[in-house]
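The next block holds one structure in the form of structure tokens; read it before the comments.
Quantities reported herein were computed from a predicted structural model and do not represent experimental measurements. In what follows, chains are A, B, ... by sequence order, proteins preceding strands, each numbered from 1.
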Amino acid sequence: MSEPWEDEVEGPVKKFMFVNRKSPYGTVYALESLEVVLITAAFDQDVSLVFSDDGVYQIKKGQNTDGIGMKNFSPTYRALEGYDVEKLYVDKESLEERGLTEDDLLVDVEVLSRAELADLMDDQDVVLSF
Amino acid sequence: MKYGLLINEGPYQHQAVDSAYQFAKAAIAKGHEVFRVFFYHDGVNNATDFAVPPQDDRNITENWIKLAEENNIDMVVCIAAAQRRGLLDANEAERQGKRGDNIAPGYRISGLGQLVEAGIECDRLLTFGD
């Protein structure tokens with residue numbers, strides 16, 4: 001039996017994929033994209049995130065922004081789980097090209113090849129690329 | 001088809017907003033509907049009432065206002081992105097204690113939920129930006 005506060009009107013659920021391609025502090029795209037991710041999750045949509053190209057740096061462990069005077073927003077990625085955002089994918093080639101491995105990342109991810117990511121994208125209703 | 005457009009880049013610096021405008025016009029001419037245009041990232045700057053481009057150049061802000069009026073397009077500016085970049089409507093200006101407001105009439109300030117809703121409601125949500 002559902003609790004009364006869970007008794008929401010069932011709306012349409014679409015598959016939203018967010019493709020994060022840019023490093024976290026060079027431009028504002030990563031930070032502002034994260035805001036869209038959280039709102040989309042609040043709308044109870046099927047949310048997944050892809051990190052590719054320099055976007056893999058967004059979830060690199062040990063970020064310290066003291067020297068650049070910007071807010072370190074990387075802890076937010078760890079909070080995604082609390083919003084039921086658990087489908088995080090990383091492009092294998094992008095990691096390798098940057099000398100990174102899954103152990104360098106601050107969240108649990110699934111590492112996929114470009115071909116596998118392409119299949120996954122094909123399956124989405126909305127793909128937003130930031 | 002019902003389209004939503006996401007514009008992520010500012011005016012004159014980047015072609016994104018021009019491409020979106022040309023797309024919207026072409027889509028409408030073919031009998032499609034443009035349900036909403038959502039301005040995000042630097043795209044919020046397209047909604048400024050204070051731009052005075054040279055007379056022999058296009059006026060991006062006004063072109064959108066005209067197109068939106070004629071075709072009943074909902075033009076939404078992300079409030080968080082706008083506030084960061086100094087774009088305020090009259091209500092926000094008063095609330096934040098700022099001297100003036102600079103969102104052009106025809107654009108409305110709202111939250112990212114409007115972008116997610118466009119993703120849910122529209123057959124296609126197209127991104128214009130880098």
(message) Among A:Val127, A:Ile39, A:Leu128, which residue has the highest count of heavy-atom pairs closer than 4.5 Å to chain B?
(response) A:Ile39
(message) Would you say B:Phe128 ends up clustered with B:Val116 if hydrophobic residues are merged whenever their side chains have heavy atoms under 4.5 Å apart, either directly or through other cluster members?
(response) no
(message) Is B:Cys78 in contact with chain A via its backbone, its side chain, both, or neither, using a 4.5 Å heavy-atom distance?
(response) neither
(message) If I measure from the heavy atoms of chain B, does A:Leu31 come under 4.5 Å with its side chain, its backbone, both, or neither?
(response) side chain
(message) Taking B:Glu62 first and then B:Lys66, would you say they form a salt bridge - that is, a charged N and a carboxylate O separated by under 4.0 Å?
(response) no
(request) To the nearest 0.5 Å, tell me how far B:Ile28 CD1 sits from B:Phe23 CZ. (result) 9.5 Å
(message) Nearest 0.5 angstrom please: B:Tyr107 OH to B:Asp74 CG, how far?
(response) 12.5 Å
Chain A against chain B: donor-acceptor pairs under 3.5 Å:
residue	atom	partner	partner atom	Å
B:Glu9	OE1	A:Tyr29	OH	2.9
B:Glu9	OE2	A:Tyr29	OH	2.6
B:Tyr40	OH	A:Glu32	O	2.5
B:His41	ND1	A:Glu32	OE1	2.7
B:Arg84	NH1	A:Glu32	OE2	2.7
B:Arg84	NH2	A:Glu35	OE2	2.9
B:Arg85	NH1	A:Glu32	OE2	2.9
B:Arg85	NH2	A:Glu32	OE1	3.1
B:Gly119	O	A:Lys14	NZ	3.1
B:Ile120	O	A:Lys14	NZ	3.1
B:Cys122	O	A:Lys14	NZ	2.8
B:Asp130	O	A:Arg21	NH2	2.8
B:Asp130	O	A:Lys22	NZ	3.2

(request) Below 4.5 Å from any heavy atom of chain A, which atoms of B:Leu115 appear? Answer side chain, backbone, both or neither. (result) side chain
(message) If I measure from the heavy atoms of chain B, does A:Val36 come under 4.5 Å with its side chain, its backbone, both, or neither?
(response) both
(request) Kindly compute the distance separating CG (B:Asp49) from CG (B:Leu87), expressed to the nearest 0.5 Å. (result) 10.0 Å
(message) Please give me the minimum heavy-atom distance between B:Ile65 and B:Pro105, naming the atom from each residue.
(response) CD1-O, 3.3 Å
(message) Using 0.5 Å steps for rounding, measure from the CG atom of B:Leu88 to the CZ atom of B:Arg99.
(response) 11.5 Å
(message) What part of B:Leu6 gets within 4.5 angstrom of chain A, counting heavy atoms only: side chain, backbone, both, or neither?
(response) side chain
(message) With rounding to the nearest 0.5 angstrom, report the CG to CD1 distance, B:Asn91 to B:Ile109.
(response) 9.5 Å
(message) Whether B:Glu92 and B:Arg95 form a salt bridge (side-chain N of Lys/Arg under 4.0 Å from carboxylate O of Asp/Glu) is what I want to check.
(response) yes
